[in-house]
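Below you'll find the structure, written out as C-alpha coordinates, and then a few comments.
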Number of protein chains: 2
Amino acid sequence: MTDKDSKLYNIDRTASAGYMTNWAARLFAREMDRRLKPLGLSTGHLPMFFALGNGGALSQKALTEFAAIEQPTMAATLSRMERDGLIHREPDPDDGRSMLISLTPLALEKFPAVREAIDMLNEKALGALGEDERNAFLASLAKIVAALADE
Amino acid sequence: MTDKDSKLYNIDRTASAGYMTNWAARLFAREMDRRLKPLGLSTGHLPMFFALGNGGALSQKALTEFAAIEQPTMAATLSRMERDGLIHREPDPDDGRSMLISLTPLALEKFPAVREAIDMLNEKALGALGEDERNAFLASLAKIVAALADE
DNA sequence: GGAATTAACATAGTGTGCTATATAACGCAT
DNA sequence: ATGCGTTATATAGCACACTATGTTAATTCC
(Lines give C-alpha, C1' and ligand atoms only; values in the text may rest on other atoms or scores of the structure.)
Protein backbone atom coordinates (compact mmCIF):
# COMPACT_ATOMS: atom_id res chain seq x y z
CA MET A 1 0.00 0.00 0.00
CA THR A 2 1.46 3.36 -1.02
CA ASP A 3 1.43 6.47 1.12
CA LYS A 4 -1.29 7.92 -1.02
CA ASP A 5 -3.50 4.91 -0.48
CA SER A 6 -2.78 5.03 3.21
CA LYS A 7 -3.98 8.60 3.36
CA LEU A 8 -7.06 7.65 1.40
CA TYR A 9 -7.94 5.03 3.97
CA ASN A 10 -7.92 7.41 6.88
CA ILE A 11 -10.69 9.19 8.73
CA ASP A 12 -10.56 11.54 11.67
CA ARG A 13 -13.25 10.11 13.89
CA THR A 14 -13.34 13.21 16.09
CA ALA A 15 -14.80 15.07 13.10
CA SER A 16 -17.68 12.60 12.77
CA ALA A 17 -20.77 13.77 14.64
CA GLY A 18 -22.19 10.24 14.63
CA TYR A 19 -19.06 8.65 16.07
CA MET A 20 -18.61 11.31 18.73
CA THR A 21 -22.29 11.25 19.68
CA ASN A 22 -22.12 7.50 20.11
CA TRP A 23 -18.98 7.82 22.19
CA ALA A 24 -20.50 10.42 24.49
CA ALA A 25 -23.70 8.38 24.77
CA ARG A 26 -21.76 5.28 25.82
CA LEU A 27 -19.96 7.23 28.51
CA PHE A 28 -23.24 8.75 29.70
CA ALA A 29 -24.93 5.35 29.81
CA ARG A 30 -22.02 3.61 31.51
CA GLU A 31 -21.88 6.17 34.27
CA MET A 32 -25.65 6.45 34.60
CA ASP A 33 -26.02 2.68 34.92
CA ARG A 34 -23.42 2.69 37.69
CA ARG A 35 -25.38 5.34 39.54
CA LEU A 36 -28.77 3.69 38.99
CA LYS A 37 -27.62 0.18 39.88
CA PRO A 38 -27.77 0.76 43.67
CA LEU A 39 -31.39 1.82 43.13
CA GLY A 40 -32.19 -1.39 41.27
CA LEU A 41 -32.66 0.61 38.07
CA SER A 42 -30.92 1.11 34.74
CA THR A 43 -30.92 3.50 31.81
CA GLY A 44 -33.59 1.64 29.88
CA HIS A 45 -36.06 2.49 32.62
CA LEU A 46 -35.66 6.24 32.26
CA PRO A 47 -38.24 6.84 29.53
CA MET A 48 -40.85 5.18 31.75
CA PHE A 49 -39.93 7.47 34.61
CA PHE A 50 -40.22 10.48 32.32
CA ALA A 51 -43.54 9.34 30.88
CA LEU A 52 -45.22 7.78 33.92
CA GLY A 53 -43.58 9.63 36.82
CA ASN A 54 -46.74 11.68 37.32
CA GLY A 55 -48.55 8.51 38.34
CA GLY A 56 -50.45 8.12 35.06
CA ALA A 57 -50.89 5.11 32.82
CA LEU A 58 -50.09 4.71 29.13
CA SER A 59 -50.39 1.92 26.59
CA GLN A 60 -47.27 0.08 25.48
CA LYS A 61 -47.82 1.64 22.07
CA ALA A 62 -47.80 5.16 23.50
CA LEU A 63 -44.68 4.41 25.56
CA THR A 64 -42.94 3.01 22.49
CA GLU A 65 -43.56 6.23 20.57
CA PHE A 66 -42.57 8.37 23.52
CA ALA A 67 -39.26 6.52 24.00
CA ALA A 68 -38.64 6.38 20.26
CA ILE A 69 -37.54 2.75 20.33
CA GLU A 70 -38.88 -0.24 18.42
CA GLN A 71 -41.86 -2.12 19.79
CA PRO A 72 -40.06 -5.38 20.68
CA THR A 73 -37.44 -3.43 22.63
CA MET A 74 -40.15 -1.80 24.69
CA ALA A 75 -41.93 -5.12 25.25
CA ALA A 76 -38.73 -6.68 26.59
CA THR A 77 -37.91 -3.74 28.85
CA LEU A 78 -41.42 -3.72 30.27
CA SER A 79 -41.23 -7.46 30.93
CA ARG A 80 -38.07 -6.96 32.97
CA MET A 81 -39.60 -4.02 34.83
CA GLU A 82 -42.69 -6.05 35.62
CA ARG A 83 -40.52 -8.95 36.78
CA ASP A 84 -38.70 -6.51 39.09
CA GLY A 85 -41.88 -4.98 40.46
CA LEU A 86 -41.38 -1.57 38.86
CA ILE A 87 -44.47 -1.44 36.64
CA HIS A 88 -48.02 -2.72 36.65
CA ARG A 89 -49.71 -3.97 33.47
CA GLU A 90 -53.47 -4.19 33.18
CA PRO A 91 -55.72 -4.81 30.20
CA ASP A 92 -57.19 -1.71 28.58
CA PRO A 93 -60.97 -2.00 29.16
CA ASP A 94 -61.57 -0.20 25.84
CA ASP A 95 -59.23 -2.29 23.67
CA GLY A 96 -58.65 -6.01 24.07
CA ARG A 97 -55.27 -5.79 22.36
CA SER A 98 -53.85 -3.05 24.53
CA MET A 99 -52.24 -3.03 27.96
CA LEU A 100 -52.13 0.01 30.25
CA ILE A 101 -48.81 0.46 32.03
CA SER A 102 -48.15 2.41 35.21
CA LEU A 103 -45.30 2.70 37.69
CA THR A 104 -45.69 0.84 40.98
CA PRO A 105 -45.33 2.65 44.33
CA LEU A 106 -41.90 0.99 44.56
CA ALA A 107 -40.82 2.74 41.36
CA LEU A 108 -42.47 6.06 42.20
CA GLU A 109 -40.63 6.32 45.50
CA LYS A 110 -37.33 6.05 43.63
CA PHE A 111 -38.20 9.06 41.48
CA PRO A 112 -36.37 11.72 43.51
CA ALA A 113 -33.17 9.66 43.50
CA VAL A 114 -33.49 9.15 39.75
CA ARG A 115 -33.82 12.85 39.16
CA GLU A 116 -30.84 13.56 41.36
CA ALA A 117 -28.74 11.02 39.45
CA ILE A 118 -29.71 12.64 36.16
CA ASP A 119 -28.92 16.14 37.39
CA MET A 120 -25.60 15.17 38.97
CA LEU A 121 -24.39 13.33 35.90
CA ASN A 122 -25.40 16.11 33.53
CA GLU A 123 -23.55 18.55 35.75
CA LYS A 124 -20.44 16.37 35.68
CA ALA A 125 -20.59 16.01 31.90
CA LEU A 126 -21.31 19.67 31.17
CA GLY A 127 -19.01 21.11 33.79
CA ALA A 128 -16.64 22.57 31.22
CA LEU A 129 -19.44 24.18 29.19
CA GLY A 130 -20.83 27.62 29.80
CA GLU A 131 -24.53 28.43 29.93
CA ASP A 132 -24.74 29.49 26.29
CA GLU A 133 -22.72 26.50 25.14
CA ARG A 134 -25.03 24.12 27.01
CA ASN A 135 -28.08 25.64 25.40
CA ALA A 136 -26.49 25.56 21.96
CA PHE A 137 -25.54 21.90 22.50
CA LEU A 138 -29.09 20.94 23.45
CA ALA A 139 -30.48 22.90 20.52
CA SER A 140 -28.12 21.13 18.11
CA LEU A 141 -29.10 17.75 19.54
CA ALA A 142 -32.77 18.57 19.04
CA LYS A 143 -32.12 19.45 15.41
CA ILE A 144 -30.19 16.24 14.86
CA VAL A 145 -32.91 14.14 16.44
CA ALA A 146 -35.48 15.87 14.25
CA ALA A 147 -33.39 15.30 11.13
CA LEU A 148 -32.86 11.59 11.83
CA ALA A 149 -36.32 10.80 13.20
CA ASP A 150 -38.27 11.46 10.02
CA GLU A 151 -39.43 8.31 8.26
CA MET B 1 -51.16 12.50 44.51
CA THR B 2 -51.63 16.25 44.69
CA ASP B 3 -50.87 18.69 41.92
CA LYS B 4 -47.76 19.77 43.77
CA ASP B 5 -46.45 16.21 43.98
CA SER B 6 -47.27 15.70 40.34
CA LYS B 7 -45.14 18.69 39.42
CA LEU B 8 -42.36 17.38 41.68
CA TYR B 9 -42.32 14.11 39.79
CA ASN B 10 -41.79 15.68 36.42
CA ILE B 11 -38.67 16.18 34.32
CA ASP B 12 -38.26 17.76 30.93
CA ARG B 13 -36.14 15.17 29.17
CA THR B 14 -35.26 17.54 26.32
CA ALA B 15 -33.25 19.55 28.86
CA SER B 16 -31.15 16.53 29.84
CA ALA B 17 -27.93 16.33 27.82
CA GLY B 18 -27.54 12.64 28.70
CA TYR B 19 -31.02 11.71 27.56
CA MET B 20 -30.80 13.70 24.33
CA THR B 21 -27.32 12.40 23.55
CA ASN B 22 -28.54 8.85 24.00
CA TRP B 23 -31.52 9.55 21.78
CA ALA B 24 -29.41 11.02 19.00
CA ALA B 25 -26.91 8.18 19.30
CA ARG B 26 -29.66 5.58 18.91
CA LEU B 27 -30.94 7.29 15.79
CA PHE B 28 -27.42 7.54 14.40
CA ALA B 29 -26.73 3.86 15.12
CA ARG B 30 -30.07 2.66 13.78
CA GLU B 31 -29.57 4.46 10.50
CA MET B 32 -25.87 3.61 10.23
CA ASP B 33 -26.58 -0.09 10.79
CA ARG B 34 -29.18 0.01 8.01
CA ARG B 35 -26.61 1.54 5.67
CA LEU B 36 -23.80 -0.81 6.69
CA LYS B 37 -25.91 -3.97 6.57
CA PRO B 38 -25.71 -4.32 2.77
CA LEU B 39 -21.92 -4.22 3.19
CA GLY B 40 -22.00 -7.01 5.73
CA LEU B 41 -20.88 -4.54 8.41
CA SER B 42 -22.29 -2.85 11.49
CA THR B 43 -21.55 0.06 13.80
CA GLY B 44 -19.44 -1.98 16.19
CA HIS B 45 -16.93 -2.48 13.39
CA LEU B 46 -16.28 1.21 12.88
CA PRO B 47 -13.53 1.68 15.50
CA MET B 48 -11.55 -1.09 13.80
CA PHE B 49 -11.89 0.66 10.45
CA PHE B 50 -10.71 3.92 12.02
CA ALA B 51 -7.78 2.25 13.79
CA LEU B 52 -6.71 -0.35 11.24
CA GLY B 53 -7.86 1.17 7.97
CA ASN B 54 -4.29 2.11 7.11
CA GLY B 55 -3.45 -1.59 6.90
CA GLY B 56 -1.62 -1.75 10.23
CA ALA B 57 -1.97 -4.16 13.13
CA LEU B 58 -2.73 -3.47 16.79
CA SER B 59 -3.11 -5.59 19.89
CA GLN B 60 -6.59 -6.20 21.28
CA LYS B 61 -5.54 -4.12 24.28
CA ALA B 62 -4.63 -1.15 22.08
CA LEU B 63 -7.89 -1.47 20.14
CA THR B 64 -9.86 -1.60 23.37
CA GLU B 65 -8.30 1.67 24.55
CA PHE B 66 -8.77 3.27 21.15
CA ALA B 67 -12.45 2.35 20.98
CA ALA B 68 -12.98 3.24 24.65
CA ILE B 69 -15.02 0.15 25.35
CA GLU B 70 -14.52 -2.60 27.93
CA GLN B 71 -12.23 -5.49 27.12
CA PRO B 72 -14.88 -8.24 26.92
CA THR B 73 -16.92 -6.13 24.50
CA MET B 74 -13.92 -5.83 22.22
CA ALA B 75 -13.16 -9.54 22.48
CA ALA B 76 -16.70 -10.43 21.43
CA THR B 77 -16.75 -7.97 18.54
CA LEU B 78 -13.41 -9.24 17.27
CA SER B 79 -14.67 -12.82 17.47
CA ARG B 80 -17.62 -11.93 15.27
CA MET B 81 -15.40 -10.03 12.85
CA GLU B 82 -13.02 -12.97 12.64
CA ARG B 83 -15.95 -15.31 12.08
CA ASP B 84 -17.08 -13.07 9.24
CA GLY B 85 -13.64 -12.85 7.65
CA LEU B 86 -13.12 -9.16 8.43
CA ILE B 87 -10.06 -9.39 10.67
CA HIS B 88 -6.99 -11.55 11.07
CA ARG B 89 -5.62 -12.45 14.51
CA GLU B 90 -2.06 -13.62 14.99
CA PRO B 91 0.02 -14.13 18.12
CA ASP B 92 2.35 -11.28 19.06
CA PRO B 93 5.87 -12.71 18.71
CA ASP B 94 7.03 -10.45 21.56
CA ASP B 95 4.27 -11.29 24.07
CA GLY B 96 2.65 -14.68 24.47
CA ARG B 97 -0.48 -13.13 25.98
CA SER B 98 -1.13 -10.69 23.18
CA MET B 99 -2.76 -11.00 19.78
CA LEU B 100 -2.11 -8.67 16.84
CA ILE B 101 -5.23 -7.76 14.88
CA SER B 102 -5.41 -6.47 11.32
CA LEU B 103 -8.15 -5.98 8.73
CA THR B 104 -8.39 -8.57 5.99
CA PRO B 105 -8.36 -7.54 2.31
CA LEU B 106 -12.10 -8.20 2.32
CA ALA B 107 -12.55 -5.55 5.00
CA LEU B 108 -10.08 -3.10 3.48
CA GLU B 109 -11.88 -3.11 0.16
CA LYS B 110 -15.06 -2.02 1.92
CA PHE B 111 -13.33 1.04 3.36
CA PRO B 112 -14.42 3.57 0.73
CA ALA B 113 -18.06 2.51 1.10
CA VAL B 114 -17.77 2.81 4.87
CA ARG B 115 -16.43 6.31 4.60
CA GLU B 116 -19.17 7.29 2.22
CA ALA B 117 -21.83 5.92 4.59
CA ILE B 118 -20.33 7.93 7.45
CA ASP B 119 -20.18 11.12 5.43
CA MET B 120 -23.68 10.78 4.00
CA LEU B 121 -25.26 10.09 7.37
CA ASN B 122 -23.44 12.96 9.06
CA GLU B 123 -24.61 15.23 6.30
CA LYS B 124 -28.20 14.08 6.75
CA ALA B 125 -28.04 14.55 10.52
CA LEU B 126 -26.30 17.94 10.43
CA GLY B 127 -28.20 19.33 7.46
CA ALA B 128 -29.99 21.93 9.56
CA LEU B 129 -26.80 23.12 11.26
CA GLY B 130 -24.54 25.82 9.94
CA GLU B 131 -20.77 25.53 9.74
CA ASP B 132 -20.15 27.30 13.05
CA GLU B 133 -22.87 25.32 14.77
CA ARG B 134 -21.37 22.03 13.58
CA ASN B 135 -17.96 22.98 14.90
CA ALA B 136 -19.41 24.10 18.20
CA PHE B 137 -21.34 20.85 18.48
CA LEU B 138 -18.23 18.75 17.90
CA ALA B 139 -16.26 20.86 20.35
CA SER B 140 -18.93 20.40 23.01
CA LEU B 141 -18.97 16.66 22.44
CA ALA B 142 -15.20 16.52 22.84
CA LYS B 143 -15.46 18.37 26.16
CA ILE B 144 -18.18 16.01 27.37
CA VAL B 145 -16.19 12.94 26.39
CA ALA B 146 -13.17 14.34 28.22
CA ALA B 147 -15.25 15.09 31.30
CA LEU B 148 -16.79 11.63 31.45
CA ALA B 149 -13.74 9.62 30.42
CA ASP B 150 -11.58 10.42 33.43
CA GLU B 151 -11.38 7.53 35.88
C1' DG C 1 15.42 -18.32 40.46
C1' DG C 2 10.94 -18.96 42.46
C1' DA C 3 6.75 -16.87 44.42
C1' DA C 4 3.58 -13.40 44.04
C1' DT C 5 1.63 -9.73 41.50
C1' DT C 6 0.27 -7.72 37.24
C1' DA C 7 -1.40 -7.80 32.56
C1' DA C 8 -3.79 -9.71 28.28
C1' DC C 9 -7.26 -12.23 26.79
C1' DA C 10 -11.42 -15.49 27.27
C1' DT C 11 -15.93 -16.82 29.16
C1' DA C 12 -20.44 -16.38 31.50
C1' DG C 13 -24.40 -13.79 32.34
C1' DT C 14 -27.41 -9.73 31.73
C1' DG C 15 -29.54 -5.41 29.63
C1' DT C 16 -30.96 -2.76 25.73
C1' DG C 17 -31.10 -2.06 21.00
C1' DC C 18 -32.35 -3.98 16.26
C1' DT C 19 -35.07 -7.00 12.41
C1' DA C 20 -38.37 -10.47 11.18
C1' DT C 21 -42.31 -12.78 12.18
C1' DA C 22 -46.48 -14.66 14.78
C1' DT C 23 -50.93 -13.96 17.29
C1' DA C 24 -55.07 -11.96 18.45
C1' DA C 25 -58.34 -8.13 18.63
C1' DC C 26 -60.25 -4.23 16.20
C1' DG C 27 -62.78 -2.10 12.32
C1' DC C 28 -64.33 -1.38 7.92
C1' DA C 29 -66.56 -2.82 3.74
C1' DT C 30 -69.24 -5.61 1.38
C1' DA D 1 -72.32 -10.71 9.71
C1' DT D 2 -68.40 -12.09 7.96
C1' DG D 3 -64.27 -11.60 5.90
C1' DC D 4 -60.08 -9.08 5.49
C1' DG D 5 -56.79 -5.59 6.28
C1' DT D 6 -54.85 -3.03 10.23
C1' DT D 7 -53.19 -2.55 14.80
C1' DA D 8 -51.23 -3.94 19.51
C1' DT D 9 -48.49 -7.00 21.57
C1' DA D 10 -45.45 -11.18 21.83
C1' DT D 11 -41.55 -14.13 20.46
C1' DA D 12 -37.16 -15.51 18.25
C1' DG D 13 -32.67 -14.39 17.11
C1' DC D 14 -28.78 -11.36 16.85
C1' DA D 15 -25.35 -7.27 17.94
C1' DC D 16 -23.04 -4.70 21.25
C1' DA D 17 -22.63 -2.72 25.71
C1' DC D 18 -21.78 -3.80 30.72
C1' DT D 19 -19.90 -6.50 35.22
C1' DA D 20 -17.66 -10.39 37.28
C1' DT D 21 -14.54 -13.88 36.94
C1' DG D 22 -11.12 -17.39 35.01
C1' DT D 23 -6.70 -18.54 32.58
C1' DT D 24 -2.20 -18.00 31.15
C1' DA D 25 1.96 -15.33 30.21
C1' DA D 26 4.89 -11.63 31.76
C1' DT D 27 6.98 -8.99 35.34
C1' DT D 28 8.49 -7.82 39.85
C1' DC D 29 10.35 -8.62 44.16
C1' DC D 30 12.73 -10.80 47.39
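Every chain is numbered from 1 and lettered A, B, ... according to where its sequence line falls, protein lines coming before strand lines.
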Examine distances only and state if a side-chain atom of [X] and a backbone atom of [Y] form a donor-acceptor pair shorter than 3.5 Å.
X: R134(A); Y: L126(A); answer: yes
X: D92(A); Y: S59(A); answer: no
X: T77(A); Y: G44(A); answer: no
X: D84(A); Y: L86(A); answer: no
X: R26(A); Y: T21(A); answer: no

Evaluate the ring planes of F49(A) and F111(A), with Trp represented by its six-membered ring, and classify them as parallel (under 30°), tilted (30 to 60°) or perpendicular (over 60°).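 Rings of F49(A) and F111(A): tilted, 30 to 60°.
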Nucleotide nearest R30(A) (side chain, heavy atoms from C-beta), chosen from dC18(C), dC18(D), dC16(D):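 Output: dC18(D).
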Nearest-neighbour nucleotide for the H45(B) side chain, dC18(D), dT16(C), dC16(D) considered: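 Of the options given, the side chain of H45(B) lies nearest dC16(D).
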Starting at atom [atom1] of [X], determine the distance to atom [atom2] of [N], rounded to an integer number of angstrom.
X: D92(A); N: dA8(D); atom1: CG; atom2: P; value: 11 Å
X: L36(B); N: dA15(D); atom1: CG; atom2: C1'; value: 13 Å
X: L78(A); N: dG15(C); atom1: CG; atom2: P; value: 14 Å
X: L58(A); N: dA8(D); atom1: CG; atom2: P; value: 14 Å
X: L41(B); N: dC16(D); atom1: CG; atom2: P; value: 10 Å
X: E70(A); N: dA20(C); atom1: CD; atom2: C1'; value: 12 Å
X: M48(B); N: dA15(D); atom1: CE; atom2: P; value: 13 Å
X: D33(B); N: dA20(C); atom1: CG; atom2: P; value: 12 Å

Would you indicate, yes or no, if dT16(C) has its OP1 or OP2 atom less than 4.0 angstrom from a side-chain nitrogen or oxygen of S42(A)?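 Yes, within the criterion.
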Within 6.0 angstrom of E82(A) CD, more than 12 heavy atoms from elsewhere: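 Atom CD in E82(A) is crowded, with more than 12 foreign heavy atoms closer than 6.0 Å.
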Let me test you: for the helix from dG1(C)-dC30(D) to dT30(C)-dA1(D), what is the angle between the axes at its two ends (five pairs each), rounded to 10 degrees?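 End-to-end axis angle: 10°.
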Return a single string for nucleotides 5-14 of chain C, one symbol per nucleotide in 5' to 3' order, where B is base contact, S is sugar-phosphate-only contact and - is none, cutoff 4.0 angstrom on heavy atoms. --BSBBBB--
Carefully, step by step, assess R13(B) and S16(B) under the rule side chain to side chain donor-acceptor pair (under 3.5 Å). CA-CA 5 Å; R13(B) 61 192 173 143; S16(B) 168; over 6 Å; no
For A51(A), check side-chain contact (heavy atoms from CB on, under 4.5 Å) against everything at least two apart and list the hits.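 A51(A) satisfies side-chain contact (heavy atoms from CB on, under 4.5 Å) with L58(A), L63(A), F66(A) once adjacent residues are dropped.
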